K.L.:
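For reference, the structure I am asking about is given below.
Treat the numbers as computed from the prediction; the structure is a model and nothing was measured. Scope of the values below: all heavy atoms of this structure, side chains included, with no hydrogens, waters or symmetry mates.
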Amino acid sequence: MFELAIAGAWIEFALRWLHVITAIAWIGSSFYFIALDLGLRKAPDMAKGVHGEEWQVHGGGFYHIQKYLVAPERLPQHLTWFKWEAYATWLSGFALMVLIYYIGAEFYLIDREVADLPVWAAVAISAGSLVFGWLAYDLICKSRLGDSTTGLMLVLYVLLVAMAWGYAQVFSGRAALLHLGAFTATIMAANVLMIIIPNQRIVVADLRAGREPDAKYGRIAKQRSLHNNYLTLPVIFLMLSHHYPLSFATDWNWLIAALVFLMGVTIRHFFNTMHAGGGKPWWTWGLTAAVFALIVWLSALPQAPRDDLASLSPAEARFAAAPGFEEVHWVMLGRCTMCHADDPPWPGLHWAPKGVRLETEADVARHAREIYLQSGRSHAMPPGNLSWISDEERALIREWYRAATRS
C-alpha cells in the first residue's frame, strides 16, 4: 500500500510537467497573437481584404505577416490551427485536480472547519462549479452586455469575486484558490473549444463553398480571445498559489484572489497599450505595486489557531491513531519544528516553510504523506540533514505511515 504513495507522487509530477509544458505553449501563442494583432500597421500596397501587416525579425530571418479581417478570397492550401495547446492544458490540469483534490479530497479539498462536506458532495460542487462558470459567462457574453467590452469585463469581474468568496466558504483555502483558477481556465479553454474554433470553421466552410464569410464571427472570436488574454496572468498566480500558504492560508484568501485579477488587468494593459503603439503607461506598474502591497498586508493579518485533533478528517485521524504516531510526533518536535512552527526559532525564518507546521499532533496527522515522502522515503527533509535525523527515526516514520495506510 505504501508504494501507492510513491507512484502517486510520480504521476502527479508527470502530470504537472505536462500541464506546465502545454500551458507554456498556449499562453505563449495567446500572448504572441494579441501582440501581433495590436501591432498591425496599414500600408499603401496591401492586397484587397488585408486589415494590416507587420514585419518581424527572429531567429536570423524576417517575417512578413498580414491579417485579413474576415478572410482571403481563396482558402490557402496550408492552414495552421491553434487549438490543441488550450485543450491539452485544460485536460492535464483537470487530471491533476482529480488526482490531488478528488482522490485526496479528505486531505486537500475538504476543510471540516470551513464546511463539513462528504467527499461526494465536495467533488460534485467542484465539478458543477466549472460547468456553471462557462454557462454563466457564455450567457453574459451573448446578452446585451456583449456589445460593451468594458461592461462585460466588469460583470465578469463581479462573477469572479463572487466565486472566490463562494469557494472560500466550502473548500480549504488551498483548494479555494486553485478552484478559482480552474474556474477561470475552464472559461478560457471553452472559449477556444466552443466559440473561437467553431467560428473559424464557419469562415473556412464559407470560403470552400464560395460564399463571403460574415465578419461577425471574427469579431466574436477576437472578443473572447481578448478576455483570455486578460485572464491569463491571474490564472497563473492562482495555479501557483498552493505553493505559497501566505496567499491561501488566510481568512482573506478570497479578497487576495479578487485583487490578483486587478493586477492581471493592469499588467496586461501596459503591454497591450505598448504593442498597440500607444506608449508605455508606467502608471500601471505603480498601481500594480500598490495592489500587491495590499495583498501582502492582508496575508500578514493574524489567523486563528487550528490544532485540535477533533478537527481531523477520518483519513487524517487514521494517522493519529496508528502505532508509532506519538513517537513520530516527538521526532518532528526534535528535528523539524525549528523551522516548521508558527514562530520558527531558526535564524532568518519568519514563518513555516510552505506553511507546514509540525508542532501539534494534529499538524503531524495532517501532513502525514508529506512527512513520509520527504523524511521517510527520501532525505529531502531536513535540508542537508541539518537537525541530524537518524536512519532509525526515518524508519520509524515509514513504519508508522505503512501501519496507518494498511488499516
Side-chain angles (χ1 to χ4, degrees), residues 25-83 85-86 141-142 144-154 156 188 191-192 195-233 264-285 287:
W26 184 18
I27 294 167
S29 63
S30 173
F31 280 8
Y32 171 76
F33 278 105
I34 289 294
L36 173 64
D37 194 68
L38 292 171
L40 292 171
R41 299 291 183 268
K42 299 290 185 181
D45 57 346
M46 290 191 305
K48 179 183 177 182
V50 175
H51 173 67
E53 66 177 17
E54 187 169 3
W55 284 88
Q56 299 180 355
V57 58
H58 180 76
F62 291 87
Y63 297 81
H64 183 206
I65 305 165
Q66 295 180 321
K67 178 183 178 179
Y68 289 80
L69 196 59
V70 180
E73 292 183 1
R74 294 187 306 274
L75 186 67
Q77 290 185 350
H78 177 70
L79 187 62
T80 301
W81 295 77
F82 291 85
K83 54 182 179 178
E85 302 91 338
C141 288
K142 291 176 178 177
R144 293 181 180 179
L145 281 170
D147 297 329
S148 169
T149 300
T150 302
L152 191 57
M153 291 296 283
L154 287 174
L156 176 58
M188 294 170 62
N191 269 339
V192 177
I195 301 296
I196 297 172
I197 295 300
N199 282 15
Q200 290 175 344
R201 291 192 185 282
I202 291 173
V203 171
V204 169
D206 284 342
L207 285 173
R208 286 174 175 166
R211 298 187 297 267
E212 182 178 352
D214 193 329
K216 72 175 183 180
Y217 296 110
R219 287 196 302 269
I220 294 170
K222 183 178 178 180
Q223 182 187 59
R224 301 297 181 102
S225 236
L226 186 63
H227 292 173
N228 284 5
N229 179 254
Y230 277 101
L231 293 173
T232 298
L233 295 182
V265 169
T266 55
I267 293 171
R268 286 312 307 166
H269 179 70
F270 174 85
F271 287 104
N272 289 346
T273 302
M274 180 179 68
H275 292 147
K280 298 178 180 179
W282 293 109
W283 61 266
T284 59
W285 289 104
L287 182 56

K.L.:
If I compare all heavy atoms of Glu53 with all of Ala43, which pair ends up nearest, and what's the gap?
P.N.:
OE2-CB, 3.1 Å
K.L.:
For Val50 and Lys67, what are the C-alpha separation, side-chain angles and deciding distance, and is it a side chain to side chain contact (heavy atoms under 4.5 Å, CB included)?
P.N.:
CA-CA 6 Å; Val50 175; Lys67 178 183 178 179; 6.0 Å; no
K.L.:
To the nearest 0.5 Å, what is the distance between SG on Cys141 and CZ on Arg224?
P.N.:
4.0 Å
K.L.:
Could you walk me through whether Thr284 and Ile267 pass the side chain to side chain contact (heavy atoms under 4.5 Å, CB included) test, one step at a time?
P.N.:
CA-CA 7 Å; Thr284 59; Ile267 293 171; over 6 Å; no
K.L.:
Taking the side chain as everything from C-beta on, heavy atoms only, tell me whether Leu36 gets closer than 4.5 Å to Ile65.
P.N.:
yes
K.L.:
Do other residues, nucleotides or ligands put more than 12 heavy atoms under 6.0 Å from Lys42 NZ?
P.N.:
yes
K.L.:
Does Ile202 reach the side chain of Pro213, with side-chain heavy atoms less than 4.5 Å apart?
P.N.:
no
K.L.:
The criterion is side chain to side chain donor-acceptor pair (under 3.5 Å); which residues satisfy it with Thr266, sequence neighbours excluded?
P.N.:
Thr288
K.L.:
Just grab all the side-chain hydrogen bond (donor to acceptor under 3.5 Å, both in side chains) pairs involving residues 201-212, residues at least two apart or on different chains.
P.N.:
Asp206-Arg211
K.L.:
Is the count of non-hydrogen atoms from other residues, nucleotides or ligands lying under 6.0 Å from His58 atom NE2 greater than 12?
P.N.:
no
K.L.:
Output the distance between atom NZ (Lys222) and atom CG (Asn229), rounded to the nearest 0.5 Å.
P.N.:
11.5 Å
K.L.:
Looking only at the aromatic ring of each residue, does the gap between the centers of Trp26 and Phe82 stay below 6.0 angstrom?
P.N.:
no
K.L.:
Would one find more than 12 heavy atoms of other residues, nucleotides or ligands at under 6.0 Å from atom NZ of Lys83?
P.N.:
yes
K.L.:
Using the rule given for side chain to side chain donor-acceptor pair (under 3.5 Å), can you reason through Ser225 versus His227, listing the C-alpha separation, both sets of side-chain angles and the distance that settles it, and then say yes or no?
P.N.:
CA-CA 5 Å; Ser225 236; His227 292 173; over 6 Å; no
K.L.:
Is the charged tip of Lys280 near the ring of Trp282: under 6.0 Å from the six-membered ring centre and within 45° of its axis?
P.N.:
no
K.L.:
Identify the heavy atoms of Tyr230 and Val265 that sit nearest to each other, and give their distance.
P.N.:
CE2-O, 3.8 Å
K.L.:
Would you say the side chain of Gln200 lies within less than 4.5 Å of the side chain of Trp81, judging by non-hydrogen atoms?
P.N.:
yes
K.L.:
Can you see which heavy atom on Ala221 is nearest to which on Asn199, and at what distance?
P.N.:
N-ND2, 4.0 Å
K.L.:
Please name all residues satisfying side chain to side chain donor-acceptor pair (under 3.5 Å) with Tyr68, sequence neighbours left out, ordered by chain then number.
P.N.:
none
K.L.:
Taking the side chain as everything from C-beta on, heavy atoms only, tell me whether Thr80 gets closer than 4.5 Å to His78.
P.N.:
yes
K.L.:
I'd like to check His275 versus Ile34 (side-chain heavy atoms, cut-off strictly below 4.5 Å). Are they in contact?
P.N.:
no
K.L.:
Give a yes or no on whether Arg41 atom CZ has more than 12 heavy-atom contacts from other residues, nucleotides or ligands under 6.0 Å away.
P.N.:
yes
K.L.:
For the pair Ser148 (side chain) and Leu145 (backbone), establish whether a donor and an acceptor sit closer than 3.5 Å, ignoring hydrogens and angles.
P.N.:
no
K.L.:
So, Phe270 versus Trp285, ring centres under 6.0 angstrom or not?
P.N.:
yes
K.L.:
Please report the closest heavy-atom contact between Leu40 and Glu54, naming both atoms and the distance.
P.N.:
N-OE1, 4.1 Å
K.L.:
Are Leu156 and Leu231 close enough that some pair of their side-chain heavy atoms sits under 4.5 Å apart?
P.N.:
yes
K.L.:
Is the distance between the ring centroids of Phe31 and Phe271 less than 6.0 Å?
P.N.:
no
K.L.:
At their closest point, which heavy atom of Pro198 faces which heavy atom of Val192, and how far apart are they?
P.N.:
CD-O, 3.8 Å
K.L.:
How far does CZ of Arg144 sit from CG of Leu152, to the nearest 0.5 angstrom?
P.N.:
15.0 Å
K.L.:
Please report the interatomic distance CG(Leu226) to CG(Asn191), rounded to the nearest 0.5 Å.
P.N.:
11.0 Å
